[in-house]
Protein chains: 2
Amino acid sequence: MDDLETRELRYFVAVAEELHFGRAADRLGIAQPALSRAIRQLEHRLGVQLLDRDRRGAALTDAGRVLLREAGAALDAVAAAARRTRRAGDEKRPLMLVTKAGASHELLQRLLVAHASAPDAAPVEVVLCEVGEQARFLRDGRADVAIMHRPYDDLAGFDTEDLYVEGQVALLPAGHPLAARDQLTLAEVRDVPGLPIARWPQLDGTYPDGPGPEVHTQSQLAQLVALGKTLLVIPASSRAWQWPDHVAVPVVDAPEVTTVIAWPPSGYSPAVASLVRSAAGLHRVAPTS
Amino acid sequence: MDDLETRELRYFVAVAEELHFGRAADRLGIAQPALSRAIRQLEHRLGVQLLDRDRRGAALTDAGRVLLREAGAALDAVAAAARRTRRAGDEKRPLMLVTKAGASHELLQRLLVAHASAPDAAPVEVVLCEVGEQARFLRDGRADVAIMHRPYDDLAGFDTEDLYVEGQVALLPAGHPLAARDQLTLAEVRDVPGLPIARWPQLDGTYPDGPGPEVHTQSQLAQLVALGKTLLVIPASSRAWQWPDHVAVPVVDAPEVTTVIAWPPSGYSPAVASLVRSAAGLHRVAPTS
DNA sequence: ACTTGCTGATGCCCTTCAGGTATCAGCAAG
DNA sequence: CTTGCTGATACCTGAAGGGCATCAGCAAGT
């Protein structure tokens with residue numbers, strides 16, 4: 001059977017994301033005719049039409065949508081193979097741990113301290129990423145292990161260990177009427193006049209509908225809240241990055257958030273095992289806040 | 001960054017498995033010099049030595065072992081992308097369900113019947129594979145969903161739903177002294193003179209040490225047990241394939257076996273969801289035996 | 001209706017590089 | 001010192017990926 005080459009997958013992903021051969025070719029650094037031919041050949045080899053060409057661009061067929069998803073996963077796996085192999089060559093390579101910037105500060109702190117005193121401690125390097133990007137880092141080999149949050153993050157396909165369960169708080173600009181309350185409900189937080197809830201990327205990378213601003217970094221958020229443009233509901237421990245002009249109020253009926261440590265099952269190594277063991281030792285210890 | 005091509009990964013896997021450039025080249029249908037050059041180039045691009053060449057063949061380095069594992073996963077992902085995309089083109093494509101030949105007969109039977117009467121039932125095609133191969137089928141796209149057994153099968157990276165929990169029985173040749181007992185313990189079953197326990201492939205594909213024969217199909221096993229060459233401990237429901245000259249005796253302290261339905265998180269589709277829902281409806285119903 | 005300005009598709013040429021054949025080079029065992 | 005393995009080199013060839021120029025369809029101005 002004729003196997004696909006990663007080049008073909010990269011080409012298709014570019015076109016599927018741009019929905020435009022010219023721009024995709026540009027992004028890939030090749031000429032448009034070459035791209036058109038490559039995609040045609042790919043369609044022919046798979047025996048399936050992937051794109052509906054149209055006067056004003058291209059649109060994905062059902063099969064195209066399947067391939068977009070699968071190709072992404074496959075390319076991540078290939079990238080992971082390269083990265084992990086390169087790193088296997090280094091002696092004294094540190095373990096890469098990825099987490100959302102600004103989340104779970106203190107838990108992470110304690111984890112690193114605890115692990116440093118473990119007998120078989122390997123050095124750990126912390127990588128910060130944007131919201132929802134941890135899974136990507138694990139999948140493509142940029143990280144060996146991640147700190148993630150259920151139910152917000154995509155844990156599919158990873159082994160995990162629960163570390164900590166906590167409630168959520170609403171983060172409001174100081175001076176807002178609701179900021180004086182000592183607790184809130186989700187119903188009260190929704191539809192606050194002039195204070196729409198910020199919209200985060202969902203598991204599939206799209207944004208939910210709504211009036212609030214689209215954000216994907218903590219600093220954007222902090223800014224927007226301070227400016228009185230939005231409010232948000234976040235895990236209680238995240239108020240570590242709270243600004244002076246922010247006020248956190250517990251939201252009593254918000255779903256609980258579980259902080260977990262996650263790793264790709266294929267990438268299980270003694271170093272990862274050791275770190276996970278250190279993490280398990282932190283179980284249920286409330287963070288100082 | 002220079003991405004790897006699947007061709008290079010296939011070449012490396014062949015060499016890593018054969019540990020011999022000539023044989024690997026033969027298997028790939030290319031000449032040995034081309035292979036040598038491809039591997040050298042791969043090593044150079046990764047900046048890591050993958051193989052220790054030696055007068056009598058090649059041996060994997062640590063990095064090589066990492067790449068062997070990662071490349072396998074990556075190639076499976078690429079193959080899955082191709083297969084799932086092709087199948088997405090077919091209308092009326094059946095759902096592919098894979099299970100070990102001979103295991104969980106009746107549960108599967110009931111699942112298929114239950115699902116056939118579901119309102120959104122898609123046709124289901126059953127594929128049988130050898131012991132421990134289900135994960136491979138799910139990973140490379142040959143199957144959409146699998147019936148597997150914890151703790152025997154490798155469930156890492158899949159979403160699962162528990163279907164059924166059962167104890168295990170020892171399968172003995174009729175006429176053996178232990179066959180008259182109405183229950184046994186693991187301690188009694190181990191080290192039965194002249195009846196070593198058969199050795200199954202472990203999660204990593206290697207065989208545990210021991211005196212018993214290496215087997216990987218049910219029919220091999222059935223034969224060996226009937227011949228009085230081995231005994232084995234298996235889930236109670238597997239005695240469906242028991243021969244007339246087999247006797248099953250419960251092993252009271254053997255770990256429980258959970259039959260689960262598993263699917264790759266990436267491959268989640270309405271059809272899979274529907275089948276899983278049907279399966280969940282079977283919960284805890286004891287099979288007739 | 002004609003033009004304009006987008007889109008992706010074609011035709012033709014060139015360069016690159018994967019792969020084949022022949023041969024070399026190291027080394028262990030006769 | 002020869003023989004018979006191994007993998008590595010040298011050199012050539014050919015398929016195919018890629019670039020450039022151009023074509024072809026279609027919608028929206030004018």
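To find a chain, count down the sequence lines: A is the first, B the second, and so on, and within it residues start at 1. Side-chain atoms are counted along with the backbone in the values below, which use heavy atoms only and exclude waters and symmetry mates.
A donor-acceptor contact shorter than 3.5 Å is absent between the side chain of B:E8 and the backbone of B:A38.
Comparing A:G57 and A:A34 against DNA chain C, the residue whose closest nucleotide sits nearer the 5' end is A:G57.
Of all nucleotides listed (D:dG7, C:dG8, C:dA28), D:dG7 comes nearest to the side chain of B:F21. Checked against D:dC20, D:dG7, C:dA22, the side chain of B:P33 finds its nearest nucleotide in C:dA22.
Within 4.0 Å of B:A31, counting heavy atoms only, lies at least one base atom of the nucleic acid. Among the heavy atoms of the strands, none lies under 4.0 Å from A:E5.
The distance between atom CZ of A:R7 and atom C1' of D:dA16, rounded to the nearest whole Å, is 9 Å. D:dG7 atom P lies 11 Å from atom CZ of B:R55, rounded to whole Å. Here C:dC17 presents its P atom at 11 Å from CZ of B:R45, a figure rounded to the nearest Å. Atom CD1 of B:I30 is separated from atom P of D:dG14 by 19 Å (rounded to the nearest Å). To the nearest angstrom, C1' of D:dA8 lies 15 Å from CD of B:Q41. The NE2-P distance, from A:H20 to C:dG5, rounds to 16 Å in whole Å. Distance A:R53 CZ to C:dG8 P: 9 Å, rounded to the nearest Å. For B:R23 and D:dG7, the CZ to P distance is 8 Å, given to the nearest whole Å.
Nearest heavy atom pair, residue B:A63 against residue B:V48, reads CB-CG1, 3.1 Å.
Tested against B:D154, the residues B:R139, B:R136, B:Q134 include a single side-chain hydrogen bond (donor to acceptor under 3.5 Å, both in side chains) partner, B:R139.
Proximity of A:S36 to the phosphate of C:dA9: a side-chain N or O atom is located under 4.0 Å from OP1 or OP2. For D:dA8, the OP1/OP2 oxygens have a side-chain nitrogen or oxygen of B:R40 closer than 4.0 Å.
Judged by distance alone with a 3.5 Å cut-off, a donor-acceptor contact links the side chain of B:R37 to the base of C:dG20.
Judged by Watson-Crick or G-U wobble contacts below 3.5 Å, the nucleotide D:dT22 has C:dA9 as its partner. Across all strands shown, D:dT3 is found opposite C:dA28 as a Watson-Crick or G-U wobble partner, with both distances under 3.5 Å.
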Can you check side-chain hydrogen bond (donor to acceptor under 3.5 Å, both in side chains) on B:S274 and B:D120, steps first, answer last? CA-CA 7 Å; B:S274 164; B:D120 51 357; 3.0 Å; yes
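Within the 4.5 Å cutoff, the side chain of A:L75 has no heavy atoms near those of the B:D3 side chain.
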